[in-house]
Structures are given as C-alpha cells and as structure tokens.
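Remember, predicted model here, so these are calculated numbers, not experimental data.
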Amino acid sequence: MEIIIKIITALGGIIGIAIAFNTLFLHRLNRSVKTYELYKSLKTLSSVNHPNNNLAEINVILSCLTSKNLTLKEVKWFINTPNAYKYIEQFGRLNRYIEISETEDSFSFKGKYKLIIIRIVEFGAFGSVHNSVSFQ
C-alpha cells in the first residue's frame, strides 16, 4: 500500500511540474506573438506616406511595450533597424542613461553618463541606498 502511495505522489509531482512548465512556455509564446503583432501594426502605421498623422496611434501601441513616449525618429529607428524592437522595453527603462547613437546603429550613453567614473559613482550611490534601506 505504501508503494502505491509513493508512486501516486511521485506521478502527481511530475504532472504538476509538467503543467507548470507548459503554462510558462505558453505564456512566453503568447507574449512573443502579441509583441510580433504590435510590431507588425507599428510597421504598417509608420510606413505610410505621412506617419506624423499616425503618431498618436503609434504611441498607444508603444505604450504596451514601454512607458516612454518615443519620438517619430525613435519609432522609425526601432522598426527599421534589425532586431532593435527587442530592446524597446529596456530603452524605456534606461531612457535616463542612453539614447540612440549618432551613427544610428546602436545605443550610446547620454551626456554626463559617457564617462565611466560617473556611472560607477551613481551605481555606488544606488547600491549604498539600496543596502541601507534593505537592512533596516
């Protein structure tokens, strides 16, 4: 009788893990599909003759991906640069520190953050504030 209980318990654990992984995989797949659909609609809206007319609609779509209101130039860059759309979320979060480079092939640090010493000092200040708050 104990063996049957152990087998049922093991099978229940395996089935539970399989369901959890399946749910995570489906969630990730659905998110990828939704992101692709948003990207596709952005591409159509920005490829028309006067994309300025669609800027409000473009910003509404982008609000699903990032909290930053992108300019038309930034939107076009994310659409026309291969694989750049993958970094729209990070660009919105790191907007304080980065911008699209002048060569328009990557990101670069903004103004005062171009110096590595400034970035180290700010990171150190953030770390010390984080540590002081988390240990109280």
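Between Ile8 atom CD1 and Ile15 atom CD1 the span is 10.5 Å, to the nearest 0.5 Å. Here the straight-line distance linking atom CD1 of Ile4 with atom OG1 of Thr9 works out to 11.5 Å at 0.5 Å rounding. The CD1 atom of Ile61 sits 13.0 Å away from the OH atom of Tyr39 when rounded to the nearest 0.5 Å. In this structure, CG in Leu24 is found 8.5 Å from NE2 in His27, a value given to the nearest 0.5 Å.
Side-chain contact between Glu37 and Lys40 is present, with at least one heavy-atom pair separated by less than 4.5 Å.
Heavy-atom contacts from other residues, nucleotides or ligands closer than 6.0 Å to CG of Leu29 number more than 12.
Following chains of ILVMFWY side-chain contacts shorter than 4.5 Å, one cannot reach Ile19 starting from Leu11, and the two form parts of different hydrophobic clusters.
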